[in-house]
Amino acid sequence: MTEDVLLEVRGLRKSFPIRKGLLRRVTAEVKAVDGVDLTIARGETVGLVGESGCGKTTAGRSILHLTPPTGGSVKLRTAIHANGGPAEMFDVTTASPKELKLLRRDMQIIFQDPYSSLDPRMTVGELIAEPLIVQGIGNRSERLDRVRELLKAVGLGPDHIGRHPHEFSGGQRQRIGIARALTFNPNLIIADEPVSALDVSVQAQVINLMQDLQSEFGLTYLFIAHDLSVVRHISRRVAVMYLGRIVEFADTATLFANPRHPYTEALMSAVPVADPDFQRARIRLQGDVPSPISPPPGCPFHPRCPYATAVCKAEVPVLRDFGNSHQASCHRTEELSLRGVGAD
Amino acid sequence: MLRLIVSRLIFMVLAAFLLLSFLFALFHLIPGDPAQLMAGDNAPEHLVQSIRAAYGFDQPLTTQYFNYMGKVLQGDFGLSNYSRQPVLDIVFPRIVNTAALAGCAMLLAMTTSLILGSFSAMFWNRPLDKGVTVVSLIGICTPVFVTGIIGIYVFAVWLRWLPIGGMSTWKHFVLPVATLGAYQAAIFTRMVRSCMVDALSRDFITTARAKGAPERTVVFHHALRNALLPIITLFGLGLGHTLGGSVVTETIFNWPGLGRLMVDAILSRDLPVLQGSIFFFAIIFILVNLIVDILYTWADPRISYD
Amino acid sequence: MRNFLRQFSRDRVGVVFGLILIAIYIVAITAQWIVPSDPYKTQLSQGMRPPSWEHWFGTDQFGRDMLSRVILATQVTAKITTSALLFAVLLGVPIGMIVGYHGGWLDEIIMRITDIMLIFPIIMLAIVIVVIAGPSERGVVIALGMSQLPQFIRIARGVTLSVKQELYVEAAIAAGAGWPFILRRHIWPNISTPVIVQATLTLPVFVLNASALSYLGLGVQPPTPEWGQMLNEAKELLIAAPYLIIGPSVALFLFVISANLLGDSLQETLNPKTKGQRMKREFQKFSRRGLKPGKMRVERAARAEIQR
Amino acid sequence: MTTHKKRVARGVAYMAAAATINAAPLFAQDMEPQYGGELIYAQSGEKFSLFPGRNTDNGAQDIWLNACENLFEINEDSELVPVLAESWEVSDDEKTVTIKLREGVAFHDGTPFNGEAVAFVFNEAKEKEFIYMSLLEGFDYADAPSENEVAFHLAAPFAALLPNLAYKPLCIFSPTAYQEMGEEGMATKIVGTGPFTHEEYVKGEYNLFVKNENYWQDELPYLDSIRMLVVPDPATRTAMLESGEIDRTVQISDFDLPRLEANPELTVRTMASTRQFYVVLNHMKAPFDNQDVRLALNYAIDKAGIVQSVFAGTGATVPMAPTLSPGVYGYTDMRKDGEDSIFQYDADKARSMLTDAGFEDRNGDGTIEGEDGTELSFKLWTRRGGTKGDYQVAQLLQAFLGEIGIGIDLEVMEGAAFSAAVSQPPEDAKYEMALLSWGIPTADPDEPMMYFTHTKAWKPKGANRMFFSSSEIDRLADLAHTTTDQEKRKEYVVAWMAQLLEEAPVIYLPTIHLTLGSRSYVHGDRILATDNYPAVSAWIDQEEKARQGIKR
């Protein structure tokens, strides 16, 4: 397994200072990501799920060093320093700007919003070629060849090269976004809710495309989503995030069959099931996600947890391993029998 | 609201302090020496030196700077290099005079432009609108010193209706206020018209018309109220520029205002007077902008400053 | 661009005044070759002659042909205002983009400085600068340029602040782009529109402020002709030789009006807000009142003008 | 100090004129002066201190002459007349001048005017280095031999002492007021013995003078008050005069004069001043050290043309003598027979002189070069508004010198910067040519001789900013400086002028005229060649004023 580890995230933290007053003093900070550990093996897809505001997008961006993390380490297997030798684990957080620029070829991102992630003033050709230009790779015709290749790979024709993004549908745009992410054949692609802005009918197409590309190019995905249904099919493993932390992490099948955290259960109850006879009590979470500026003491989920007891209010639960690499952080997980959705 | 006021006041003090230091440094870098100017071009050096000694211009710059800043902190802006009067005594009446001129001119410009601009927007793209546009463009591109001198000859020299210089009676206000106000009115009219045309193109105006409201109500009640926000910004900035732009008007009509005082102070290297004028000018300008911001909350209840 | 031209060409006013402005610039560029006589040639025996077939705008007190001087003044004025504009744009836009992109204390400092500069009314600032740099073309250019510098810093910074939030900027970062690349490729194209509009609207302001400087004796210095300074000299002789004011007035008037109206038109055409749906909506509304769509001056137009 | 010598040739005239001087109205001899009324007078500006020891600004001088009188005055006929003095005598060694003072005169603050007071003013001036000390060369100290006498003790004989005492800043202010208010206080209030007391000062706006009821000339003044407005824009001043808003003003645009003269309600007077334009040639920079070049430059300038087009033909006169103008003691018309000015315009002569001196157009580019190929092209520094017409004269100089192939770049500077730039010692002076004017406020040739052209007067010691040096010119100046025999002195002055024409240290340009416009109901006001405009004996014809529809 260790040979196959592509990404190893340890204790990743990201906080934003809140400044107030005339002197712009830091009065508080938002702990958007608060100690996330994550290991992804080469070729797999890991889902990262949570409500909006839970820090999953920030986590993704911190891993890519698009927003520099406040603490922790992010190690990526990369060959940038190997001079043709075997790839090594390289800490992204301590990379120099030069190294970082090279690292970008190994890790890419697909954005949620296919509308604003493409500069409306550029043509498709320019958009896809941009990473090549930035990295100074190839001459004009070589870049054009590569753009054509990529367009073909994502199912668009070479006649689209001269068009502007607004001439495309949402799904087509997301294909352009994917093509751009694929430019360098990166090892790791972080897909930040790549389909949530799309119509349901198009979502499946894009996900299928991503799966095809994964097998074709041997990609590794960290697939961020806000509901479980999307990640269920594409992910081998799923991490559930709540208020900056991972509260449960398991194989997809295990997680769905046997969730070990009340929050996972709540999320799962919202997943639609394609069985008209299936009756199930929808668990409605009470209240909003607490403010990450002043997270509640004890288990951060306790104010909304239907099973909370005194201990939940007092002590912060740690992520415990329940075997079969199933981790969860809940004080009462052994006492509860949480309901999943059966394998289908 | 209170926070807005406090932060503006603190900014004002900082800005003024920076300005004063900047000007101080500047005035000792540029050529020109008050003692030399006073002594005349032909005076021998040792006599120029004696003026420097008599008026303290010969002290080291740092000493002069800290003396000056120290005094300013105590509210003392020093003495004019030449008339040896306290700067505050010179500057205050000038501020009042300039404020009177600029205030009246603004009032004239505001009323004229609101009326002309609204009608222009109401009769958008019709002869009236085009006429107003042409007139206001002519107003914008005729320099004040030309309109001023023409006004003087027509109304003061030939018709003898109005006086030219000074500011003792209301008649003295007519020509300078009209000259300065007309220029501002020309600029404002165009902008009021823009704002009004925009406001008139909004959905709620269609709604109001659909409800059968008379056109007068639509324009002057619904549209004007909504066009007010940019118009207030405009007038706020306009007042500041009227204050500054009054230099030329003040010179033509011999109006004893702050602008002329500043120009004279620059040209005669009367640093204390310049510093004092600019200090108070900056304060007036910041206060005007503060008032504009406060008026905002009145014009648009959606805006708050907390 | 073709799209823009097609759209713009529908705006008759804009096209007409744009052409006038271009004509003025052609006169400015070719001034040396098209002047009917040497604008510096003094002929004391021909001093202060009213307009005639030989001298369309008359002659000044030294017998210099006013028409030739107005033509040369067009060049001087165009040179000064254009240089001042370039000064303000080339200095202001990069500063605005850089501080807007990086933020932090540098941004704070620059913004406070522009605040202070805005406190100074334009003409006052110009006076101080001319006194420092000396009353010369260079001094006037710096003075005018500096007076509009804060505006361009603010425009560039404002656009940068909003554009840098865009996902496509993040996408470029993810591709390894550094800030110069992003400023050039993604942010500048968004800034060019407001900058062009502001620039057209700034030109007439420059011309007028240059003339005010001339009135105070701090403008471009003789014998170099400049419209404002010619107007000022004509003012001195207004009663004795009123015809001297004709030439410079006409030139100034044409320039200020064309630049203003062209600026308005450009704003409408370039401003995406006035394109598309907005225009359609307005068309529906105004067609009911028997009006054609075309000239919508929106709040943003007013704001741009206020900023001057 | 035994002989009662009236050595000064003009002295007789002075005494004769003394009794009537201030009472003589210039116009309307037949009319009886009327008392009362306020005269409103617009001047172009009073910029600096009102304390006479620290300022030589003309605007301030015009203010002083209402309230503060000198021992002597130079009248409109350029005669020295006693004012607060009555007579004087000079000791045998010519080192002590004793002046008998007018009796029964009091300062505005009530303190008596006497020998003590006069001596105090001049001793204080020496100790505190008042700006006019350069005019009192060799002055050692003053004392009061008796109540009504003051004695000036000199280190060496000094011929120009008495005329220099007429220079307006040397007016006798009240020592008591000075001691009470100090220089700071005197900067805004002048306390002397004059016909009007200084009542109000508002910086940059106006000065108000009110009739001094205890004035020593019983019948004077006629006016109740004088209000002196500061109106910087000449067009505004003129319009205010035309509209009747003010009663008199100065420095009217020459092109407006015909119109004003045609107006029967206005009186316009012009007078030649002692102010002559000249172009400083920096002799430290070649080729201005070459006398032939300097002479050629002088011939290249059409002085009459300048008078015609810059000053409308009436605002100036061509130079008829170097530096000195009519009205200055010793002035003699130095023009050659049949010529309209010194160095009468002759471009061909200028060209050929330059060719002879080795400067000609060698490469056909229109600009002439020296033998080593360096082009004759220079920067001409000037300012705007220092003296009327200055920047326009500069434009014509550029045109005229261009005619003979000398390239001129105009560098128009802001006033204060210009003043600083042309006040540098030889090693720092950067100018090649600069347009300036010199005036002789004392109407005595001593100042120009000793301070304009003398080798000892190189900037910054004096006003010789050409860094010109001629042993002959220095010698003549020194002789005139110390000779009290006025006939001989005059000979030296003429010889000095002749020598200036030989050497041409500068380019000589026209002498400007002073203009005074007033409403026709104002009588008895005067205009002096020293650029002063006393209204001390002015009076207003109230009937005429009412007839013109002016209600004030």
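Letters A, B, ... mirror the listed sequences (proteins, then strands); counts begin at 1.
- When heavy atoms are compared at a cutoff of 4.5 Å, C/S249 does not approach chain B at all.
- Of the two parts of B/I252, the backbone and the side chain both hold a non-hydrogen atom closer than 4.5 Å to a non-hydrogen atom of chain C.
- Residue contact with chain C, scored on non-hydrogen atoms closer than 4.5 Å, is absent for B/F22.
- Heavy atoms closer than 4.5 Å to chain C are found nowhere in B/R260, neither backbone nor side chain.
- Listed options C/N232, C/L231, C/I239, C/V207 were ranked by heavy-atom pairs under 4.5 angstrom with chain B; first place goes to C/I239.
- Side-chain contact check for C/L252 versus B/P143: some heavy-atom pair is nearer than 4.5 Å.
- Residues satisfying the side-chain contact (heavy atoms from CB on, under 4.5 Å) test with B/S277, not counting sequence neighbours, are B/V91, B/L258, B/L261, B/M262, B/V273.
- Interface residue B/L18: only side-chain heavy atoms are found under 4.5 Å from chain C.
- Heavy atoms only, all atoms of each residue included: C/V256 and B/I140 are closest at CG1-CG2, 4.1 Å.
- Residues C/L261 and B/L137 form a side-chain contact, since some pair of their non-hydrogen atoms from C-beta on lies under 4.5 Å apart.
- Between the CD1 atom of B/I150 and the NZ atom of C/K235 there is a distance of 11.5 Å, given to the nearest 0.5 Å.
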